[in-house]
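The next block holds one structure in the form of structure tokens; read it before the comments.
Note: hydrogens, waters and symmetry copies are ignored here, and every other heavy atom, side chains too, is used. A, B, ... follow the sequence lines: proteins, then strands. Residue 1 opens every chain.
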Amino acid sequence: MPLIDIRTRAAAALADALKTEFDHITDEIILEVPPNRDLGDLAWPGALPLAGVFRTAPRAIAETLAEKTRWPDEITRVEIAGPGFLNLFLDRSTVLERLLRADEFKPQSQGKTIVEHTNINPNKAAHIGHLRNAVLGDVLVRCLLHLGHEVEVQNYIDDTGVQVADVVVGVLYLPEIDLAAAMDVEPSRRDDLIGRIIQALPGDTMPTPDSKDFDDLCWEIYPRVTNLYPLDENLAARRAEVLHAVEAGFDTMALDEAEFSLQRSVISGEPFSGRAIARLAAAVADANVRCHLATMARLGVAYDLLPHESDILHLGFWSRAFDLLKQAGAIRLEKEGKNSGCWVMSLADSPEFADMEDPDKILVRSNGTVTYTGKDIAYQLWKLGLLTDPDGSRHDFGYDLFTTWAQDRPASPVSYGAGDHRLGLTTSDAQQTLPGLTFGNGDRVYNVIDVRQSYPQKVVKEAVRILGHPEAADRSIHFAYEMVALTPAAVRIIEEKSGRSFGLDREQMQKAYVEMSGRKGIGVKADEFLDILEARAAEAIKDRAGEAELPEDLDSRAQAIAVGALRYLMARQSRNRVLAFDFDEALSFEGDTGPYLQYSSVRSRKIFDKLQKRRGEGRIEESEIDALAQSEIPNDLWALILECALRRDVVAQAVATLEFSLLAGHVHTLAQIFHKLYHAHPVVPEENENLRRLRRAVFTLFADEMGVLLEELLGIPVPEEM
RNA sequence: GCGCCCGUAGCUCAGCUGGAUAGAGCGUUAGACUCCGGAUCUAAAGGCCGUGGGUUCGAAUCCCGCCGGGCGCACCA
């Protein structure tokens with residue numbers, strides 16, 4: 001029985017009294033939790049604004065209502081305080097009792113919610129900015145599931161974009177000496193290097209994440225290519241060719257066939273075959289996707305579907321959306337001016353865009369190719385179930401099984417290749433289906449995307465609106481968050497470690513933070529950082545072990561602590577503030593950190609281990625709950641109980657505002673209350689049986705609550721020991 | 001220029017639909033259990049909540065102006 005339940009009933013009772021006593025009708029009665037427990041457990045400040053309306057002193061209003069309201073039975077006492085606050089006191093043992101009996105909350109489903117997150121360009125290793133996206137998206141998913149929603153998680157794969165093309169350009173056209181340097185091998189002829197790169201692909205397996213994976217190879221190649229574009233005009237032309245080849249596709253060409261074709265072209269000096277280029281690009285994208293999945297698996301982040309941009313192209317999603325947009329008169333072909341030859345969406349009629357210098361957005365380039373925003377409109381329509389064919393049926397992808405996965409506990413790492421969960425991917429064969437699974441057609445859609453993409457996101461939303469679906473547009477939500485940047489200190493550390501300079505000038509290094517850039521190669525790679533975190537956690541465990549023997553599960557403990565530190569770091573900061581990444585801060589395990597929370601949880605569970613050994617008692621049992629009825633519950637224990645009761649209120653609030661700092665703050669407060677009263681309320685040494693039972697009850701509640709909050713909601717694993 | 005975001009303790013940040021004495025962590029200083037784990041706890045010091053107006057019984061929170069910083073306004077994503 002969460003607190004929101006009592007709140008709702010008390011508010012309803014109060015509304016009734018307001019109606020009968022003052023003839024005042026309202027459905028907006030908000031009961032809040034006062035700043036401290038001396039004042040009460042719930043409070044209603046509503047008498048104050050009503051004083052003017054009723055021409056009565058607020059205290060008098062509050063007094064009347066206190067007396068006349070038929071309060072729910074959990075409320076034992078009502079007080080008037082200050083200028084007219086109505087303060088409610090709860091029956092402590094009743095609340096404790098009901099929380100322990102915890103009838104599980106099963107709400108009605110309100111249709112399917114689709115959450116799109118991660119969406120890393122499949123052309124290089126993930127960096128810590130991508131981790132922010134994945135953690136926020138994943139915590140949103142967990143909260144939605146907790147609130148009883150059906151959720152589908154999609155990780156969009158931009159496999160036909162410029163960025164993948166850039167890496168392919170690098171492989172095919174970067175000077176051999178540079179390419180070999182990027183690959184960290186002896187200089188060699190290109191056909192040999194191509195062979196080595198193809199050999200480095202993970203194939204159909206899921207790579208184990210380490211810092212020498214295929215995505216790390218791409219991380220080195222990519223900036224070398226982008227650095228060269230301004231210096232070499234030919235290279236830019238090559239990029240256009242590659243992009244074209246990628247869009248055209250490769251039919252069924254096998255990878256070894258493509259490899260042979262590319263190598264033969266190197267030797268003969270003939271141009272590369274378009275199909276072979278496209279096959280290579282697909283292999284590069286697929287390899288990077290696998291690496292990204294492996295990285296996210298470390299954090300316990302998983303997905304239901306990998307929609308591919310190439311399938312959006314090949315299955316005519318865009319051409320269908322294009323027709324719909326034309327029919328609706330939302331787009332036009334420009335005949336002159338700077339956008340001549342382009343199809344643009346006019347935004348001049350939308351108030352939000354009216355003041356823009358150029359309120360038009362190009363959806364089809366003058367060379368006939370579609371922009372990302374164009375494809376995104378089609379994708380968004382599909383997600384909302386609005387991409388329909390002329391016969392009224394839903395335009396859909398083909399689907400295949402990418403792999404299966406398993407997760408032992410809610411926050412454990414994800415292991416791919418086994419287990420009951422299926423991860424689907426889209427295919428270009430619309431007839432292909434995955435038995436028992438359907439995708440898309442969501443009632444509500446969250447797009448977890450960097451705030452810097454707000455403008456194109458607004459354009460996509462506006463397109464949905466113009467196509468006659470304003471209510472669907474409102475249910476399509478851009479979950480915007482600020483970027484992760486690096487403190488200058490962090491930049492210096494990376495430069496030192498990698499032995500190269502990013503060439504930032506003095507002015508840039510004086511600022512509060514430096515933006516990461518895949519194109520320039522400035523960034524902290526996700527796996528690299530997780531490795532550092534794990535090493536530091538292992539060190540901390542060893543330090544604390546002192547002379548004692550090292551635990552056998554040192555690695556898994558260190559992993560749990562690393563994940564806890566990282567996920568909490570990402571969750572606790574409000575989303576629209578730039579996260580300036582600093583190694584010292586991120587590697588801290590004390591204070592307001594994930595490990596602090598994990599420790600409080602471990603510490604509480606330990607009580608029961610010791611209790612079992614010394615007294616043969618454990619967690620509170622169902623049969624003992626009645627005996628708690630007459631317990632006197634002191635203030636500090638009560639504060640812990642009340643905080644536990646607050647979970648659903650907090651989760652609902654976090655989802656409504658998309659502010660997980662609220663959830664993080666709640667867990668931190670809870671852990672803090674526990675640590676503070678820990679010594680004052682010993683369980684094992686306590687001889688008084690009633691007192692011991694009460695404490696067992698409260699700590700059972702706390703341990704369970706932390707399990708739900710950390711593992712289920714924040715995805716932070718709680719190790720057996722730390 | 002237009003739009004969005006940020007400005008809270010020395011530093012990094014919370015502060016929910018306005019509500020009672022603005023909270024954490026780090027850092028600084030001084031302390032703590034022969035006890036269920038010290039990744040802990042106690043205490044001290046540290047705040048014109050950028051600034052000026054407005055609305056309100058009540059403003060860190062809402063509105064307007066200004067100052068400082070960031071981002072966006074691509075035939076990139």
Problem set entry | A:Arg615, CZ: over 12 other non-hydrogen atoms inside 6.0 angstrom |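 It does: A:Arg615 CZ has more than 12 such atoms within range.
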
Exercise. Should the heavy atoms of other residues, nucleotides or ligands under 6.0 Å from CD of A:Glu720 be counted, would the total exceed 12?
Worked result: no

Tell me what [X] touches on the nucleic acid: a base, only sugar-phosphate, or nothing, going by heavy atoms under 4.0 Å.
{"X": "A:Pro83", "value": "nothing"}
{"X": "A:Lys610", "value": "sugar-phosphate"}
{"X": "A:Val451", "value": "nothing"}
{"X": "A:Ser574", "value": "sugar-phosphate"}
{"X": "A:His675", "value": "sugar-phosphate"}
{"X": "A:Asp584", "value": "nothing"}
{"X": "A:Tyr678", "value": "base"}
{"X": "A:Lys511", "value": "sugar-phosphate"}
{"X": "A:Tyr455", "value": "sugar-phosphate"}
{"X": "A:His666", "value": "nothing"}
{"X": "A:Ala43", "value": "base"}
{"X": "A:Val364", "value": "nothing"}
{"X": "A:Ile541", "value": "base"}
{"X": "A:Arg577", "value": "base"}

Among [options], the nucleotide that comes nearest once only the side chain of [X] is considered:
{"X": "A:Ile561", "options": "B:C75, B:A39, B:A20", "answer": "B:A39"}
{"X": "A:Leu48", "options": "B:C36, B:C57, B:C71", "answer": "B:C57"}
{"X": "A:Glu721", "options": "B:G37, B:A39, B:U12", "answer": "B:G37"}
{"X": "A:Pro49", "options": "B:C75, B:G19, B:A39", "answer": "B:G19"}
{"X": "A:Ile607", "options": "B:G15, B:C36, B:G37", "answer": "B:C36"}
{"X": "A:Asp158", "options": "B:A77, B:A24, B:U40", "answer": "B:A77"}
{"X": "A:Thr371", "options": "B:C75, B:A39, B:A14", "answer": "B:C75"}
{"X": "A:Ile30", "options": "B:A77, B:C57, B:U17", "answer": "B:U17"}
{"X": "A:Lys676", "options": "B:G19, B:U42, B:C6", "answer": "B:U42"}
{"X": "A:Pro685", "options": "B:G19, B:C36, B:U17", "answer": "B:C36"}

Exercise. With distance as the sole criterion, is a donor-acceptor pair present between the side chains of A:His675 and A:Arg603 under 3.5 Å?
Worked result: yes

Exercise. Looking at B:C75, does its base get a donor-acceptor pair with the side chain of A:Ser366 below 3.5 Å?
Worked result: yes

Problem set entry | base_contact_polar (B:A20 base, A:Asp38 side chain, donor-acceptor, <3.5 Å) | no

Exercise. Are the aromatic rings of A:Phe589 and A:Tyr596 close, with centres under 6.0 Å apart?
Worked result: no

Exercise. With centres under 5.5 Å and planes under 30° as the test, does A:Tyr596 stack with B:A39?
Worked result: no

For this session: Might you work through the ring pair (Phe, Tyr, Trp, His ring centres under 6.0 Å) test for A:Phe479 and A:His117, ending with a clear yes or no?
Result: CA-CA 9 Å; A:Phe479 179 166; A:His117 71 76; 9.7 Å; no

Exercise. Who does B:U42 pair with, Watson-Crick or G-U, both distances under 3.5 Å?
Worked result: B:A30

Problem set entry | Gap in Å between the two C1' atoms, one belonging to B:A45 and one to B:U29, rounded | 8 Å

Exercise. What is the ring orientation for A:Phe674 with A:Phe702, classed by angle as parallel under 30°, tilted 30 to 60°, or perpendicular over 60°?
Worked result: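 Aromatic pair A:Phe674/A:Phe702 classed parallel.
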
Exercise. Starting at the 5' end of RNA chain B, which residue's closest nucleotide do you reach first, A:Pro34 or A:Ile362?
Worked result: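 Upstream on the strand: A:Pro34.
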
